Novice: 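Just passing along the structure, written as structure tokens.
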Amino acid sequence: MGIYEELKARGLIAQVTDEDEIRELVNNGKATFYIGFDPTADSLHVGHFMALLLMKRLQAAGNKPIALVGGGTGMIGDPSGRSDMRRMMTVEEIDANCRKFQKQMSRFIEFGPGKAQMVNNADWLRNLNFLDFMREIGPEFSVNEMLRARCYVNRLEKGLSFLEFSYMLMQGYDFYNLYKNYGCNMEFGGDDQWSNMLAGTELIRRKLGKDAYAMTITLLLKHDGTKMGKTSGGAVWLDPEKTSPYDFYQYWRNVDDEDVVGFIRKMTFLPLEEIDEMDKWKGSQLNRAKEILAYELTKLVHGEEEAEKAQDAARSMFGKGIATDIPQTVLKDDDFKDDKIGIIQLLVKAGFATSNGDARRTIQGGGVRVNETQVKDIYAQFDKAELAKNETVLQKGKKNFKKLIVE
RNA sequence: GGAUGGAUUCCCGAGUGGCCAAAGGGGACAGACUGUAAAUCUGCUGGCAUUGCCUUCGAAGGUUCGAAUCCUUCUCCAUCCA
């Protein structure tokens, strides 16, 4: 079975421009492909992770990846599939985000001579001369066609600025440029990128009379069609500073029954036969599958050690024992008043409440426990010496734990 | 440039002078039930404080005892015409 067949079996392929040709190139390691990442935040998230995994799989099959960081396209902002305009970022923000992206990516993909390459489209987009650019590629784009692109439908009702409308030209130009200067013959991306990617293959055909190919991967969706990767705290980030390995693990540990096996298939490197077995699991058996999913993904993102730690912590917290490796909250001297601290302050301090009022409501709703004992009194006080002496675990709801450390 | 409609709390959306920190829904969070699942039911959803106070309805001014609601100017958006 070639890599193409495997991708297909894992349910990763959404759309392709020319199936036979792509299969041929990819299975024989003859593809030089690129995937673009726009620096919209200061960390990669799960959506990007899907793309990075694809890169890894294809690289393992002998193909040459180019990771493109969008220091240029990020100046514009991709309107595809969005219902409103992105906030315009400053150049400084964009560049800072680009650096973070580059750093994170190099943990997943091997870069270097003969391996993967990293490029930044700021290098060729930022200094373009508007008129030259327009005269070079403007004639190759049909506004009529662009308006028909499905990724804009929302925006045609709600408003689409010319700035954003021009995004497609930039992405098309990227591909064209990479084709000419890097021998890149294929572009991959999320399924929402389809129109933008076709802009590139079209441009290459018209300008150079050559064929280039595009393939999209299925977006990671829940069975009800909503997007994955959002939590109460926002997105699920790959940066351990923004989403701790424990939280990352928990996120996957808690996916819907109906989604688990599909996610394992799409995102892990486990053999397909093993996954086919899991397809037969039912009911609470699926908890095992959820552990596998959470463990495997945490391992991929944060390494084996962190994955073990997260798993142990989760098992003991939800089993009986007291966990050792759960997130901590450090209490300093000035958090105490007369060597005491109130339960409300503790919750806020631990990040379990956004305000005192929020903390109060959570307590009154019965959602707070200290060492497994429910705290109902919003004025409950805790003694500094006691906290320092005995290990204390603060719990909000069923799944949020923090160990309290007195400094 | 002209005409019309619009901007409300995380999102959608009601509210046209006091009873409005603002209906309803969604989402989020918490409780019950469970399998750390889903569905369901319940609570809760601006901030600070022990009755109360402070900030919020695109922005700035004004009218009024009192404004999300009325007036003026401005900004932004949509639709139609150019």
Side-chain angles (χ1 to χ4, degrees), chain A residues 79 82-88 152-165 221-236 244-264 278 281-295 297-298 310-321 323 326-327 337 342-345 347-348 350-370 372-381 393-402:
Chain A
R82 289 182 65 96
S83 55
D84 51 7
M85 187 173 162
R86 288 171 194 277
R87 186 180 66 84
M88 267 227 244
Y152 292 144
V153 286
N154 268 332
R155 301 304 297 281
L156 291 177
E157 287 162 20
K158 285 203 152 189
L160 176 68
S161 68
F162 190 77
L163 174 80
E164 295 173 277
F165 189 52
L221 297 175
K222 292 193 236 184
H223 63 281
D224 62 5
T226 54
K227 274 192 189 165
M228 270 310 268
K230 293 280 180 207
T231 65
S232 53
V236 176
S244 74
Y246 178 78
D247 288 337
F248 187 86
Y249 179 93
Q250 281 300 318
Y251 179 77
W252 298 106
R253 178 62 185 78
N254 284 308
V255 299
D256 284 11
D257 280 11
E258 294 178 59
D259 295 322
V260 207
V261 181
F263 287 174
I264 291 179
M278 294 179 199
W281 296 359
K282 284 198 187 68
S284 54
Q285 264 186 306
L286 286 169
N287 273 329
R288 178 70 199 127
K290 290 180 191 179
E291 277 201 324
I292 294 172
L293 174 70
Y295 179 81
L297 294 187
T298 310
Q311 184 160 65
D312 287 348
R315 278 182 179 165
S316 50
M317 285 324 295
F318 288 95
K320 277 283 175 283
I326 58 169
K337 211 179 264 172
I343 185 69
I344 290 177
Q345 284 70 43
L347 284 170
V348 173
F352 285 164
T354 52
S355 67
N356 292 356
D358 187 22
R360 192 172 297 122
R361 285 188 290 270
T362 310
I363 297 165
Q364 282 163 344
V368 177
R369 280 158 199 277
V370 172
E372 306 188 49
T373 311
Q374 193 174 56
V375 177
K376 276 251 159 185
D377 176 14
I378 59 171
Y379 299 114
Q381 295 280 319
V393 174
L394 180 67
Q395 179 179 357
K396 179 205 158 206
K398 289 179 193 129
K399 297 171 190 167
N400 308 293
F401 303 92
K402 280 272 170 79

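Letters go in sequence order (proteins before strands), and every chain restarts at 1. Reckoned from all heavy atoms, side chains included, excluding hydrogens, waters and symmetry mates. Predicted model, so just to flag it, every value in this text is computed and none were measured.
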Novice: Which base, if any, makes a Watson-Crick or G-U wobble pair with B/U64, both distances under 3.5 Å?
Specialist: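 The answer is none; no pair meets the criterion.
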
Novice: Round to a whole Å and report the spacing from CZ of A/F162 to P of B/C77.
Specialist: 16 Å

Novice: Using side-chain contact (heavy atoms from CB on, under 4.5 Å) as the criterion, point out the one residue from A/L394, A/D358, A/V368, A/T362 that pairs with A/F352.
Specialist: A/L394

Novice: Test your reading of the model: is there a side-chain donor-acceptor pair from A/K290 to the backbone of A/V260, 3.5 Å cut-off?
Specialist: no

Novice: Check whether A/E291 reaches the backbone of A/R288 with its side chain - one donor and one acceptor, N or O, closer than 3.5 Å.
Specialist: no

Novice: If you check the A/D256 side chain, which of B/A38, B/C29, B/C48 turns out closest?
Specialist: B/A38

Novice: With respect to the phosphate group of B/G47, does any side-chain polar atom (N or O) of A/S355 fall under 4.0 Å of OP1 or OP2?
Specialist: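 Yes, because at least one side-chain N or O of A/S355 sits under 4.0 Å from OP1 or OP2 of B/G47.
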
Novice: Rounded to the nearest angstrom, tell me the gap between atom NZ in A/K376 and atom C1' in B/C44.
Specialist: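 In whole Å, B/C44 C1' and A/K376 NZ are 13 Å from each other.
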
Novice: Among B/A38, B/G31, B/G47, find the nucleotide with the atom closest to the side chain of A/K398.
Specialist: B/G31

Novice: Determine the interatomic distance between P on B/G17 and the same-named atom on B/C71; round to the nearest Å.
Specialist: 12 Å

Novice: Looking at A/K399, I'd like to know whether one of its side-chain N or O atoms comes within less than 4.0 Å of OP1 or OP2 on B/A37.
Specialist: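 Affirmative; the distance criterion is met.
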
Novice: Does B/A30 have OP1 or OP2 under 4.0 Å away from a side-chain N or O of A/N400?
Specialist: yes

Novice: Check every atom of B/G35, B/U36, B/U50 against the side chain of A/F318 and return the nucleotide holding the closest atom.
Specialist: B/U36

Novice: Out of B/C48, B/C29, B/G35, which has the shortest distance to the side chain of A/N356?
Specialist: B/C48

Novice: With the side chain of A/K290 defined as its heavy atoms from C-beta on, choose the nearest nucleotide among B/U36, B/U45, B/A37.
Specialist: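 Nearest listed nucleotide: B/A37.
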
Novice: Does A/S284 make a side-chain N or O approach to OP1 or OP2 of B/U34 shorter than 4.0 Å?
Specialist: no

Novice: Between P on B/C44 and CD on A/Q364, what's the gap in Å once rounded to a whole number?
Specialist: 10 Å

Novice: Please state how far atom CG in A/L286 lies from atom P in B/A38, giving the value in whole angstrom units.
Specialist: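 Interatomic distance, CG of A/L286 to P of B/A38: 13 Å.
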
Novice: Check the distance between B/A30's P and A/I343's CD1 and give it to me in whole angstrom.
Specialist: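 Those two atoms, CD1 and P, are 15 Å apart.
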
Novice: Both distances under 3.5 Å, Watson-Crick or G-U wobble: report the partner of B/C76, or none.
Specialist: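 With both distances under 3.5 Å, B/C76 matches B/G6.
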
Novice: From the list B/A30, B/U36, B/G35, which nucleotide is the closest neighbour of the side chain of A/K396?
Specialist: B/A30

Novice: Taking any strand in view, what nucleotide pairs with B/A49 in a Watson-Crick or G-U wobble way, both distances under 3.5 Å?
Specialist: none

Novice: As a test of reading the structure: which of B/A30, B/G35, B/A49 is closest to the side chain of A/R360, going by heavy atoms?
Specialist: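 Comparing B/A30, B/G35, B/A49 against the side chain of A/R360, the answer is B/A49.
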
Novice: Is it true that, when you exclude A/E258 itself, more than 12 heavy atoms of the residues, nucleotides or ligands shown sit nearer than 6.0 Å to its CD?
Specialist: no

Novice: Which listed nucleotide (B/U50, B/U36, B/G35) is nearest to the side chain of A/D257?
Specialist: B/G35

Novice: Base, sugar-phosphate, or nothing: which does A/R361 touch, judged by heavy atoms less than 4.0 Å apart?
Specialist: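 The residue A/R361 makes sugar-phosphate contact but no base contact.
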
Novice: With distance as the sole test, does A/Q285 use its side chain to make a donor-acceptor pair with the main-chain N or O of A/N287 at under 3.5 Å?
Specialist: no

